[in-house]
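In what follows, a structure is listed as structure tokens, so that the remarks can point back to it.
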Amino acid sequence: MLSGKTILLGVTGGIAAYKSVEIVSRLRKQGAEVYVVMTKAATEFVTPLTFRSMSANPVYTSLFEEPKTWNIEHISLAEQVDASLIAPATANILAKMVTGISDDFLSTVLLAVRTPIFVAPAMNHAMYHHPATQKNLEILRERDIRIIGPAQGFQACGSEGDGRMSEPQDIINVLEDYFSQSRQNRYMSGKKVLVTAGGTREPIDPVRYIGNFSTGKMGYAVAQAFAEAGAQVTLVSAPSEIAVPSGVEVVSISTAEEMYTEVLRRFPEQDIVIKAAAVADYRPVVRETQKMKKSNQSVRLELVPNPDILTTLGQKKQEQFLVGFAAETQNPLDNGWEKMKRKKADILIVNDVTLPGAGFGTDTNIVTFLFADGRRRDLPQMSKLEIARQLVEEIAHLKSKTKE
Ligand code: CTP
């Protein structure tokens with residue numbers, strides 16, 4: 001979520017300033033660019049050098065020191081950032097933000113930023129509950145400034161109660177939620193997306209079936225990523241242990257034929273269909289009504305082909321955008337291109353399920369996106385959810401190009 005984002009971290013003078021070093025570290029680990037701005041009081045608690053080392057960027061402490069770039073720094077910094085976080089935020093900075101006082105770098109830059117501001121207050125319990133502080137927080141909330149915490153507990157001054165700065169990870173979670181929401185606004189709102197997931201089960205008798213090793217992880221991650229991006233998601237799922245992502249409607253099926261029926265029925269109203277399910281290619285001709293009894297003879301099981309759902313969708317599609325997956329054990333790219341053409345997919349995601357860190361049941365995958373226009377994109381090993389988010393972005397990008 002935070003990868004590629006530029007975050008301004010304002011540090012004001014409180015003992016919790018030492019925890020902000022961890023915030024910088026966590027933000028950077030997630031791929032964010034961090035610029036730290038410290039008030040003079042903050043530098044009494046932690047040195048600018050610490051933040052400079054952690055952020056790998058200049059640390060801003062004064063409006064009047066030797067410029068680090070050619071332009072007016074507080075304005076150029078304000079224009080670059082995707083979000084600002086003040087952590088810890090003292091009663092003093094809250095009051096300055098309310099009144100618009102700009103007597104140091106941080107309070108000045110905060111007047112110039114046009115992107116969201118988050119504040120994590122940290123102060124003595126009594127100061128936090130003072131009517132002036134409470135009123136200031138109320139005014140900031142009305143201006144759409146997001147207040148994180150404070151948390152409860154033991155305070156450095158010896159008292160107990162609310163006023164502690166929220167834990168770094170809790171603060172990061174709020175930022176992540178914000179950026180996932182903003183993706184939502186940008187990408188898929190109003191779109192209907194159908195995702196299939198899991199391995200179908202083809203019954204032999206009441207207690208046995210032919211199945212495969214698919215767990216549904218990839219398909220559930222795809223459903224989550226589209227839901228995060230604001231789509232109305234229907235997940236047609238074979239049996240799976242995985243929790244249904246919030247906001248996703250589930251249609252539970254078991255066999256390939258059931259999946260075929262449920263997907264085809266819903267297909268006309270969909271904008272996008274992602275076929276992540278591992279569909280059994282064959283089913284037993286006969287489904288025994290009673291449990292087959294053991295004997296010493298070998299058994300022959302006659303199988304008939306199942307309908308190919310993706311191929312049928314490819315034949316019937318009007319405006320719908322179709323994505324298929326191909327799990328391969330050899331020649332993944334050649335097989336992938338061939339499958340893509342045969343099934344008329346707009347994107348085909350190929351993975352070699354024999355590689356460590358890829359395939360069934362793992363949290364990560366190593367995939368290549370093949371596009372109908374002949375392009376291909378190799379992704380490094382990453383979580384299935386991150387792959388799903390990349391897919392959302394690719395489709396959003398392609399759809400916005402076709403609109404232009
Ligand atoms: N698929 C489908 N219906 C089937 C079989 C597969 O919709 N009966 C879809 C899968 O959901 C996947 C894509 O087709 O998106 C490719 O599946 P895969 O099993 O890799 O390909 P197959 O066509 O079954 O080819 P093969 O088993 O020969 O590799």
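Order of appearance sets the numbers: ligands from 1, and atoms from 1 within every ligand. For the numbers below, each heavy atom of this structure counts, side chains included, while hydrogens, waters and symmetry mates do not.
The shortest N/O to N/O separation between A276 and ligand 1 does not fall below 3.5 Å. Considering both main-chain and side-chain atoms, G324 never comes within under 3.5 Å of ligand 1 through any nitrogen or oxygen pair. Any N or O atom pair closer than 3.5 Å counts here, and V279 shares no such pair with ligand 1. Considering backbone and side-chain atoms together, F325 places an N or O closer than 3.5 Å to an N or O of ligand 1. For ligand 1, none of its N or O atoms has an N or O atom of N306 under 3.5 Å away.
Only one option out of L77, D104, V11 pairs with V37 in a side-chain contact (heavy atoms from CB on, under 4.5 Å); it is L77.
Numbered from 1 in the order shown, with element, the atoms of ligand 1 that lie under 4.0 Å from a heavy atom of K275 read 7 (O), 11 (O), 12 (C), 15 (O). Against a heavy-atom cut-off of under 4.0 Å, L310 is close to the following atoms of ligand 1: 2 (C), 7 (O), 9 (C), 13 (C), 14 (O), 15 (O). Taking every heavy atom of A326 and a limit of under 4.0 angstrom, the matching atoms of ligand 1 come to 20 (O). Within ligand 1, the atoms closer than 4.0 Å to a non-hydrogen atom of A277 are 10 (C), 11 (O), numbered from 1 in the order shown.
Between the side chains of T368 and D378, a donor-acceptor pair is found at a separation under 3.5 Å.
One finds a salt bridge joining E138 and K135 here, because a Lys/Arg side-chain nitrogen approaches an Asp/Glu carboxylate oxygen to under 4.0 Å.
Note that CG of L348 and CH2 of W337 are 9.0 Å apart. Values are rounded to the nearest 0.5 Å. In this structure, I274 CD1 and I349 CD1 are separated by 7.0 Å, a value rounded to the nearest 0.5 Å.
Residue contacts with ligand 1 include D281, since one of its heavy atoms falls under 4.0 Å from the ligand. Heavy-atom distances between P307 and ligand 1 reach below 4.0 Å in at least one pair.
Residue R342 qualifies as enclosed at atom CZ: its count of foreign heavy atoms under 6.0 Å is above 12.
There is a protein heavy atom closer than 4.0 angstrom to atom 3 (N) of ligand 1. Checking atom 23 (O) of ligand 1 against the protein gives a heavy-atom contact under 4.0 Å.
Not a single donor-acceptor pair under 3.5 Å links the side chain of S25 to the backbone N or O of V21. Judged by distance alone, with hydrogens and angles left aside, the side-chain atoms of E258 form a donor-acceptor pair with the main-chain N or O of T255 at under 3.5 Å.
In terms of protein heavy atoms, atom 14 (O) of ligand 1 is closest to K343 NZ, 2.9 Å.
Using a 4.0 Å cut-off between heavy atoms, A327 contacts ligand 1 through its backbone alone, with no side-chain atom that close.
Aromatic ring centroids of F118 and Y178 lie under 6.0 Å apart.
Aromatic ring pairs are classed by plane angle as parallel below 30°, tilted from 30° to 60° and perpendicular above 60°; the pair Y60 and Y35 is tilted.
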